[in-house]
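Encoded as structure tokens, the structure appears first; notes follow it.
Proteins get letters first, then strands, A, B, ... in listed order; numbering begins at 1 in each.
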2 protein chains.
Amino acid sequence: MSGFGPGDAFLADCPARLAVELIADKWTVVVLYGLSQGPVRHGELIELIGGISRKMLTQTLRRLEAHGLIRRHAYAEVPPRVEYELTPLGATLIDPIHMLTEWARANGDAVLDALDAGPEPVAHSD
Amino acid sequence: MSGFGPGDAFLADCPARLAVELIADKWTVVVLYGLSQGPVRHGELIELIGGISRKMLTQTLRRLEAHGLIRRHAYAEVPPRVEYELTPLGATLIDPIHMLTEWARANGDAVLDALDAGPEPVAHSD
DNA sequence: AGGCTAGGTTTCCGATAGGAACCAGCAGGT
DNA sequence: ACCTGCTGGTTCCTATCGGAAACCTAGCCT
């Protein structure tokens, strides 16, 4: 008895699936979060996030831009300066992301704990 | 001056990064959502979700189990029956996920719209 | 002139995702 | 008795992705 109605879930048919797949990659959420406090430059994001390569940053930013979540602002200066900022649409994603981070802060320990206790001997008789 | 303090973001150092990376893959969120209404069997999840392969389902379920978010229940019947259900810890993730789905329901159209309008001629007024 | 800066792209390679096919184990049909 | 089928899971193979590092552009400084 899976009480999922046709409009209820993002299972197989609805637009929610699309949106979840939008943000369901390693860096999207982190990048959006990095932009949540205002415009940030490419290089700043690199250092802020830590661990992301230029390539993946650019790629993630481009996709977010294409989806209307962020805006790119390239100043015709030298050395070049490029800032990224959330669009109003992108800003609406910050709340759900904050919920995720809050969850992580509250339960991250429990998850690590489970991971630690997790590798049970499993009683594989051979 | 990005106003991120050391305990403020999941940028580079904190546990939130770990947690975000936990759920930041194509299927985790969908699977968790699929389990949000109670125990579901492996095969039911396959049909419910639609588009996931057995392998990825199993893999996702195993990871979620290892992280303490779901519990596996294998009945010694024939044909085999295996049910998965959220643990209390896993259940706490449903709220944030619901926020995401709500966001998607509300803004999915806007995203698709941006994607459609996105490929702009780039208006290089040079 | 050569090097610096800063954003971006390209190249290469290892890791991963994903589908299809196969396996296990028993019940039931023929 | 044998073969098939149901269900969950695993293995094999390939296409794609992710990441490191090198290269590019372009103007300013020395």
Side-chain angles (χ1 to χ4, degrees), chain A residues 2 11-12 17-18 20-32 34-35 39-67 70-85 120 122-126, chain B residues 1-2 11-12 17-18 20-32 34-35 39-67 70-85 122 124 126:
Chain A
S2 27
L11 301 168
R17 267 289 275 282
L18 235 188
V20 167
E21 284 177 22
L22 204 202
I23 66 158
D25 83 271
K26 193 170 174 184
W27 296 115
T28 301
V29 173
V30 188
V31 169
L32 285 173
L35 296 176
V40 183
R41 300 179 56 172
H42 178 102
E44 287 177 321
L45 278 173
I46 295 274
E47 291 183 22
L48 192 61
I49 290 174
I52 192 173
S53 63
R54 283 194 225 290
K55 182 184 146 191
M56 286 317 293
L57 213 214
T58 303
Q59 190 171 306
T60 304
L61 290 168
R62 289 286 135 82
R63 173 169 36 193
L64 290 174
E65 192 188 8
H67 285 78
I70 67 174
R71 183 181 307 277
R72 197 184 107 109
H73 224 284
Y75 298 87
E77 304 175 356
V78 132
R81 183 160 63 100
V82 181
E83 284 186 347
Y84 295 91
E85 62 178 335
E120 289 167 29
V122 183
H124 264 311
S125 35
D126 172 284
Chain B
M1 146 78 31
S2 26
L11 302 168
R17 268 288 274 283
L18 234 188
V20 167
E21 284 177 23
L22 204 201
I23 67 157
D25 84 272
K26 194 171 173 184
W27 296 114
T28 301
V29 172
V30 189
V31 168
L32 284 173
L35 294 176
V40 184
R41 299 180 56 174
H42 179 100
E44 286 177 322
L45 278 173
I46 295 273
E47 291 183 23
L48 193 60
I49 291 174
I52 193 174
S53 64
R54 284 196 226 294
K55 182 188 151 192
M56 287 317 293
L57 214 214
T58 303
Q59 191 171 306
T60 304
L61 290 167
R62 288 288 134 82
R63 173 169 36 195
L64 291 175
E65 192 188 8
H67 285 77
I70 67 174
R71 183 180 307 276
R72 196 184 106 109
H73 223 285
Y75 298 88
E77 303 176 356
V78 131
R81 182 160 63 98
V82 180
E83 283 186 349
Y84 295 90
E85 62 178 336
V122 182
H124 266 309
D126 64 274

What is the separation between atom CD on A/Glu77 and atom P on C/dC4, rounded to the nearest whole Å? 22 Å
Please classify the nucleic acid contact of B/Tyr84 as base, sugar-phosphate, or nothing, using heavy-atom distances under 4.0 Å. sugar-phosphate
Minimum heavy-atom distance A/Pro39-A/Glu85, with the two atoms named: CG-OE1, 3.8 Å
Rounded to whole Å, CG of A/Leu45 lies from P of C/dA6 at a distance of 14 Å
Rounded to whole angstrom units, what separation is found between the CD atom of B/Glu47 and the P atom of D/dG8? 10 Å
Any side-chain heavy-atom pair of B/Leu48 and B/Arg41 under 4.5 Å: no
For nucleotides 17-19 of chain D, tabulate all protein N/O to nucleotide N/O atom pairs closer than 3.5 Å, reporting atom names and distance.
unit_1, atom_1, unit_2, atom_2, d
D/dG18, OP2, A/Gln59, NE2, 3.3
D/dG19, OP1, A/Lys26, NZ, 2.7
D/dG19, OP2, A/Trp27, NE1, 2.8
D/dG19, N7, A/Lys55, NZ, 3.0
D/dG19, O6, A/Lys55, NZ, 2.3

For A/Arg71, I'd like to know if atom CZ has over 12 heavy atoms of other residues, nucleotides or ligands within 6.0 Å. no
Which atom pair, heavy atoms only, marks the closest approach of A/Val30 to A/Lys26? CG2-O, 3.9 Å
Contact under 4.0 Å: B/Arg54 side-chain N or O vs D/dT10 OP1/OP2: no
Name each donor-acceptor pair under 3.5 Å that joins a side chain in residues 56-67 of chain A to protein atoms two or more places apart or in another chain, with its distance.
unit_1, atom_1, unit_2, atom_2, d
A/Thr58, OG1, A/Arg54, O, 3.0
A/Thr60, OG1, A/Met56, O, 2.7
A/Arg63, NH2, A/Asp25, OD1, 3.2
A/His67, ND1, A/Arg63, O, 2.8

Closest to the side chain of A/Val78, out of C/dA6, C/dT9, D/dG27, is D/dG27
Rounded distance (Å) that lies between atom P of D/dA26 and atom CZ of A/Arg81: 20 Å
Gap between atom CD1 of A/Ile70 and atom OH of A/Tyr84 - 0.5 Å precision: 6.5 Å
